[in-house]
Structure formats: C-alpha cells, structure tokens
Amino acid sequence: TWGNLTLYFLRFLLFVVASPPPLEMSADGSSVVVTFKCVGTSEATEAFAFPPTFTIAEVKAHLSAAHARRPQVAAQRLVFGGRVLRDDQVLSDVVASSVSANGSVCFHLLI
C-alpha cells in the first residue's frame, strides 16, 4: 500500500541519507535555493531558486515543469526533516526552523 511505501522511504531518509547541501539565499532574502534529491534513483540532484513566500503546492508546480523527470504534481511527495510536506505550507516556514549557523536545506522528492 502507499502508506507502507511512504513509511519505508521515510525510514530510509532518516537513517541513510547524507547531510543536505548548504542553503543559498540572496543577500536581500528574496529567494531560497532548494536542492532536490530524487529518492530511489541515481540521478544527480537539482537545485532551484524560489521566493520564500511560495507554498509547497507552488514548488511542486514548478518542479512539474522544470525538473528533469517532469513529475506530475499529484505524483510528487516532498520530504524535509523526515516529514512529508503539505501543499499549504509556506517555504519560509518550512526551512526557518531547520536553518543552522551556515544554513542548509535539501528536499527529498518521491515520485
């Protein structure tokens, strides 16, 4: 079932995935660069810049057009910090609680 598969990937992410790459933010804070790692593939990661006010739904819409695999929005699951992100969450709220001294953010994309 989908629930078991999701649980498997979340456990995988919690115990196997290496540290995320550094967060890049413009000097004026107008954009956040998020790196996406596509789980279960050997493809290279991809990074995109987003306004901090974007919702996760808007991030998914961008990925459906710009990501190399062109995943449909409905098929995407974004994971950050071991949690599946909701479409109504705002990007700045999602990453704000996790930014360290040097900053870091990496979303895992399940298709």
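Side chains included, hydrogens not; waters and symmetry mates left out as well; all remaining heavy atoms used.
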For residues [X] and [Y], report the shortest heavy-atom separation together with the two atoms involved.
{"X": "P51", "Y": "L91", "result": "O-CD2, 3.8 Å"}
{"X": "V90", "Y": "P52", "result": "CG1-O, 3.5 Å"}
{"X": "K60", "Y": "Q76", "result": "O-NE2, 3.0 Å"}
{"X": "V105", "Y": "V33", "result": "CG1-O, 3.7 Å"}

Check V73, V94, L78, V34 against V59 for a side-chain contact (heavy atoms from CB on, under 4.5 Å) and give me the one that passes.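 Between V59 and the candidates, side-chain contact (heavy atoms from CB on, under 4.5 Å) is satisfied uniquely by L78.
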How far does [atom1] of [X] sit from [atom2] of [Y], to the nearest 0.5 angstrom?
{"X": "T45", "Y": "F36", "atom1": "OG1", "atom2": "CZ", "value": "11.0 Å"}
{"X": "T55", "Y": "D93", "atom1": "OG1", "atom2": "CG", "value": "11.0 Å"}
{"X": "F80", "Y": "C106", "atom1": "CZ", "atom2": "SG", "value": "8.5 Å"}

Once side chain to side chain contact (heavy atoms under 4.5 Å, CB included) is applied, do any residues pair with A66, and if so which ones, sequence neighbours excluded?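 Applying side chain to side chain contact (heavy atoms under 4.5 Å, CB included) to A66 gives F48, H62.
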Check whether any side-chain heavy atom of [X] sits under 4.5 Å from a side-chain heavy atom of [Y], and report yes or no.
{"X": "V95", "Y": "F107", "answer": "yes"}
{"X": "L109", "Y": "R77", "answer": "no"}
{"X": "R86", "Y": "I56", "answer": "no"}

From CA spacing to verdict: side-chain contact (heavy atoms from CB on, under 4.5 Å), C38, I111: CA-CA 8 Å; C38 196; I111 303 172; 3.8 Å; yes
Do the side chain of R70 and the main chain of A65 share a donor and acceptor less than 3.5 angstrom apart?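 Present.
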